[in-house]
Amino acid sequence: ADDFTVVTLDIFDATAQELVAIRPVTRGEFRAPFTHQDFAVEVDMTGRRGHIMETRVFWHDISYVRVDKVTVFGRP
C-alpha cells in the first residue's frame, strides 16, 4: 500500500496564534488496522505559561482513523 500522510498532529498556541509543533503520521507508521496506537509530538513550552494550547488532529480523508485520547506529559 501507499505511505501517504493519513493525519497531521499539531500543537497550536491559541494565545499567540502560533503553530508550535507539527507531526505528519503516514500509513506505514500504523502497526495494524483497527488497533489503537500512540503517536508522540514533542513541543518546547518555554515562555508559554498561561497560554491556551490546542492539540489538533487533521484527517486527510484517505483512511479510517479514530482518535481515542490525547495525553499530555510534562518533563521534570
Side-chain angles (χ1 to χ4, degrees):
D2 62 67
D3 201 26
F4 294 134
T5 299
V6 175
V7 296
T8 300
L9 309 174
D10 76 27
I11 310 296
F12 183 74
D13 183 334
T15 303
Q17 292 294 298
E18 180 180 13
L19 184 64
V20 294
I22 189 167
R23 183 190 191 288
V25 178
T26 63
R27 190 184 307 274
E29 294 182 74
F30 288 89
R31 292 186 296 265
F34 303 107
T35 303
H36 285 108
Q37 184 173 331
D38 295 334
F39 294 99
V41 179
E42 293 194 23
V43 61
D44 182 2
M45 296 294 289
T46 303
R48 298 185 191 279
R49 179 178 294 257
H51 286 211
I52 298 169
M53 305 300 291
E54 299 176 358
T55 57
R56 307 186 304 185
V57 179
F58 292 94
W59 175 59
H60 296 281
D61 196 18
I62 63 166
S63 182
Y64 173 81
V65 176
R66 182 176 180 178
V67 177
D68 178 50
K69 64 184 173 185
V70 174
T71 306
V72 178
F73 295 101
R75 291 189 184 188

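We number each residue from 1, following the sequence as shown. Side-chain atoms are counted along with the backbone in the values below, which use heavy atoms only and exclude waters and symmetry mates.
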Are W59 and V67 linked, directly or through other ILVMFWY residues, by side chains that come within less than 4.5 angstrom of each other? yes
Hey, are the side chains of H51 and E18 touching, using non-hydrogen atoms and a 4.5 Å cut-off? no
Show the nearest heavy-atom pair for residues G28 and D3, with the distance to one decimal. N-OD1, 2.6 Å
When you group the ILVMFWY residues by side-chain heavy-atom contacts below 4.5 Å and let the links chain together, are L9 and F12 in the same group? no
Could you report the tightest heavy-atom contact between I62 and T5, atom names first, then the distance? CD1-O, 3.3 Å
Would you indicate whether the side-chain heavy atoms of V43 and M45 approach each other to under 4.5 Å? yes
Residues T15 and I52: closest non-hydrogen pair is OG1-N, 2.8 Å
Is V65 reachable from F4 through a run of I, L, V, M, F, W or Y residues, each pair having side-chain heavy atoms under 4.5 Å apart? yes
Honestly curious: do V41 and V20 fall in one hydrophobic cluster under the side-chain, below-4.5 Å linking rule? yes
For residues L19 and V7: do they belong to one hydrophobic cluster (side chain heavy atoms under 4.5 Å, members Ile, Leu, Val, Met, Phe, Trp, Tyr)? no
Crowded around D68 CG? As in, over 12 foreign heavy atoms under 6.0 Å? yes
If you measure from OG1 on T26 to CG on D2, what distance do you get to the nearest 0.5 Å? 9.5 Å
Under 3.5 Å, is there a donor-acceptor pair between the side chain of T8 and the main chain of P24? no
Short side-chain to backbone donor-acceptor contact, R23 and A40, under 3.5 Å: yes
When rounded to the nearest 0.5 angstrom, what is the spacing between NZ in K69 and OG1 in T55? 13.5 Å
Which word best sums up how the rings of F30 and F39 line up, parallel for under 30°, tilted for 30 to 60°, or perpendicular for over 60°? perpendicular
Just wondering, are more than 12 heavy atoms of other shown residues or ligands nearer than 6.0 Å to CD in Q37? yes
Spacing of Y64 atom OH and R66 atom CZ [to the nearest 0.5 Å]: 5.0 Å
